[in-house]
2 protein chains.
Amino acid sequence: MPPHRSRRRIPEATVARLPVYLQILVDQAGEGVENISSEGLAELAGVNAAKVRKDLSYLGSYGTRGVGYEVDYLVYQIRRELGLDHDWPVVIVGAGNLGQALAGYGGFNDRGFPVAGLVDIDDDKVDTVVGGIRVRPLDELAQIVAARNVSIGVIATPPPAAQDAADRLVKAGVTSILNFAPVVLSVPVGITVRKVDLAVELQILSYHEQRRAAASQGGQLHAVSTDRGRGATA
Amino acid sequence: MPPHRSRRRIPEATVARLPVYLQILVDQAGEGVENISSEGLAELAGVNAAKVRKDLSYLGSYGTRGVGYEVDYLVYQIRRELGLDHDWPVVIVGAGNLGQALAGYGGFNDRGFPVAGLVDIDDDKVDTVVGGIRVRPLDELAQIVAARNVSIGVIATPPPAAQDAADRLVKAGVTSILNFAPVVLSVPVGITVRKVDLAVELQILSYHEQRRAAASQGGQLHAVSTDRGRGATA
DNA sequence: CGGGCTTTGTGCACACGTTCACAAACCGCC
DNA sequence: GGCGGTTTGTGAACGTGTGCACAAAGCCCG
């Protein structure tokens, strides 16, 4: 069976679901499950079975008709496709409330994203230790990125400092950024940015709450059906 | 001009962008800007101008041709549509690393989502104070929800406890959940759930990094163009 | 070895989201 | 009051994502 180095582009919507499948499959493997059908996986992932099949078909034809998918093999294939066959060290900029929580959050290390460094501009924070990581001055960012071959940066600064952090990360050679600051970053083409904004998430929920309230008061009530990649309504 | 209580449904993709526009508009208002064109707003939000106009058109016709949009009025309208004309108290389940960071994060309170309560199942954590909030036992969840009229719950527990937390939140009367645990929650219809999974975000970035590496080594390089609601590539 | 049952992989139709392009509306100035 | 310049609001085309439905493929059993 050929390694099948897919040069094929996978739709973004699918890329966003693969990690979810992966998580579930790893859990299932841990419970001794050897095979799983698209329907079974769909059930656990809370999506449509056809979607699961189509998603997995982008990886290649790794199922067996009449049987389903071999869990271990599927885990291997998804890992490979997502580039999770090796670790990706990350550097965190900003050792405030959130930066500390992130550094201390075990989930990073466990899932193949070791914290290669945690930097802050504030001298009072430098050299304090959080989650086993010693905070380094912002100036050492470039060094850390170069030394540990970091390609992913996490921005956990206050909003006004976020753009500067992004500029420094890019200059240091980072090509992917996960931005927790509620700010729209401007970066050169070719740099991938993803934004996680807690306030935005809450405001989206607020919209649905408001809508519910308005509906129950006046109009008829619809079954709300959120979705769109992340987030869903049952 | 009639208040225009829109009973119209707004597309999810638009709902996800409105908070971003809002943020920018508030900033602009703070700098004394009175009017803004769709192009100006689009520039700041990193999106297409036509998209801005279409998004805003779902709220009603609040622009003036040849001039643009009045910033203050637009802020008011977006706030109203998102249900941000009053506070939405939230209750946080789980006072671990993340739960504490969330409780301590000023952004919640500032943006209209005061923390009405922070509960944990672990007695050792109960009564400790984090971010000005005293941790309460899990059993008091229902009380807190009822007393403060909470409709939004935040799950910041370890994965195995997340479903139980969701069940308790729903039983207590919460109708929207923001889930930080890397677990697919199962909830009754009518409950809105949004999931924020840091590992998933990193894995999506990993995919793009892996792709970049594969491309530069073998095939031709494409301009990567991520997007999909949140996250973007420049 | 063939027939029945199960499950994948995918063509097709539909829904949703994005972008273009342009008429309609408004401002300000002459 | 009309004319040129500007910007909105939206119809229409396009692209992406979803879900159905079914043929193809494999397993098991008689």
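The chains referred to below are lettered A, B, ... by the order of the sequence lines, with proteins before strands, and numbering in each begins at 1.
- Not counting sequence neighbours, B:S37 has no partner by the side chain to side chain donor-acceptor pair (under 3.5 Å) test.
- Between the OH atom of B:Y69 and the P atom of C:dC26 there is a distance of 13 Å, given to the nearest Å.
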Donor-acceptor pairs under 3.5 Å, side chain of residues 150-160 of chain A to any protein atom, not counting sequence neighbours: which ones?
{"residue": "A:T157", "atom": "OG1", "partner": "A:A162", "partner atom": "N", "Å": "3.4"}

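- Counting only N and O atoms by type, the side chains of A:R211 and A:Y207 include a donor and acceptor under 3.5 Å apart.
- What separates CD of B:E39 from C1' of C:dA21 is a distance of 14 Å, to the nearest Å.
- With the nearest nucleotide of DNA chain C identified for both A:S38 and B:A50, A:S38 has the one nearer the 5' end.
- Applying the salt bridge (charged side-chain N to carboxylate O under 4.0 Å, His left out) rule to pairs touching residues 54-63 of chain B yields B:R17-B:D55, sequence neighbours excluded.
- Between the CG atom of B:D55 and the P atom of D:dG9 there is a distance of 12 Å, rounded to whole Å.
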**OP:** Would you give a per-nucleotide map of nucleotides 11-16 of chain D, 5' to 3', where B means the base has a protein non-hydrogen atom under 4.0 Å away, S means only the sugar-phosphate does, and - means neither?
**Re:** BB----
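- Residues passing the salt bridge (charged side-chain N to carboxylate O under 4.0 Å, His left out) test with A:R168, sequence neighbours excluded: A:D164.
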Could you run down the sub-3.5 Å N/O contacts of the protein with nucleotides 1-3 of chain D?
none

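- Put simply, CZ on A:R17 is 12 Å from C1' on D:dG19, counting in whole angstrom units.
- Pairs of residues two or more places apart, or lying in two chains, never qualify as salt bridge (charged side-chain N to carboxylate O under 4.0 Å, His left out) while including a residue from residues 19-39 of chain A.
- Here the NE2-CZ distance, from A:H86 to A:R79, works out to 13.0 Å after rounding to the nearest 0.5 Å.
- DNA chain C lies under 4.0 Å from no heavy atom of any residue of residues 21-37 of chain B.
- Counting to the nearest Å, the P atom of D:dT8 and the CG atom of B:N48 are 13 Å from each other.
- Of the residues in residues 40-47 of chain B, not one places a heavy atom less than 4.0 Å from an atom of DNA chain C.
- Taken from CG in A:L25 to CG in A:L44, the straight-line distance is 9.0 Å, to the nearest 0.5 Å.
- Proximity of B:Y58 to the phosphate of C:dG17: no side-chain N or O atom is located under 4.0 Å from OP1 or OP2.
- Surrounding OH of A:Y76 are at most 12 heavy atoms belonging to other residues, nucleotides or ligands under 6.0 Å away.
- Summarising the geometry, the separation between CG on A:L56 and P on D:dT18 is reported as 14 Å, rounded to the nearest angstrom.
- Interatomic distance, CG of B:D85 versus CD1 of B:I78, reported as 13.0 Å (0.5 Å rounding).
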Original post:
When you check every protein heavy atom under 4.0 Å of nucleotides 22-30 of chain D, what one-letter string (B, S, -) results, 5' to 3'?
Top reply: --BBSS---
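- Going from atom CG of B:L74 over to atom P of D:dT8 covers 11 Å, rounded to whole Å.
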Check: residues 63-70 of chain B side-chain donor-acceptor pairs under 3.5 Å, at least two apart:
none

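- Put simply, OH on B:Y105 and CG on A:L98 are 7.5 Å apart, with the number rounded to the nearest 0.5 Å.
- Expressed to the nearest 0.5 Å, how far CZ of B:F180 lies from CD1 of B:I92 amounts to 8.5 Å.
- Between atom CG of residue B:N179 and atom CD of residue A:E201 there is a gap of 11.0 Å, rounded to the nearest 0.5 Å.
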Subject >> Verdict with reasoning, B:L59 to B:L18, per side chain to side chain contact (heavy atoms under 4.5 Å, CB included) >> reply: CA-CA 10 Å; B:L59 307 182; B:L18 287 177; 4.1 Å; yes
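- Among residues two or more places apart in sequence or in another chain, the salt bridge (charged side-chain N to carboxylate O under 4.0 Å, His left out) test is passed with B:E209 by B:R212.
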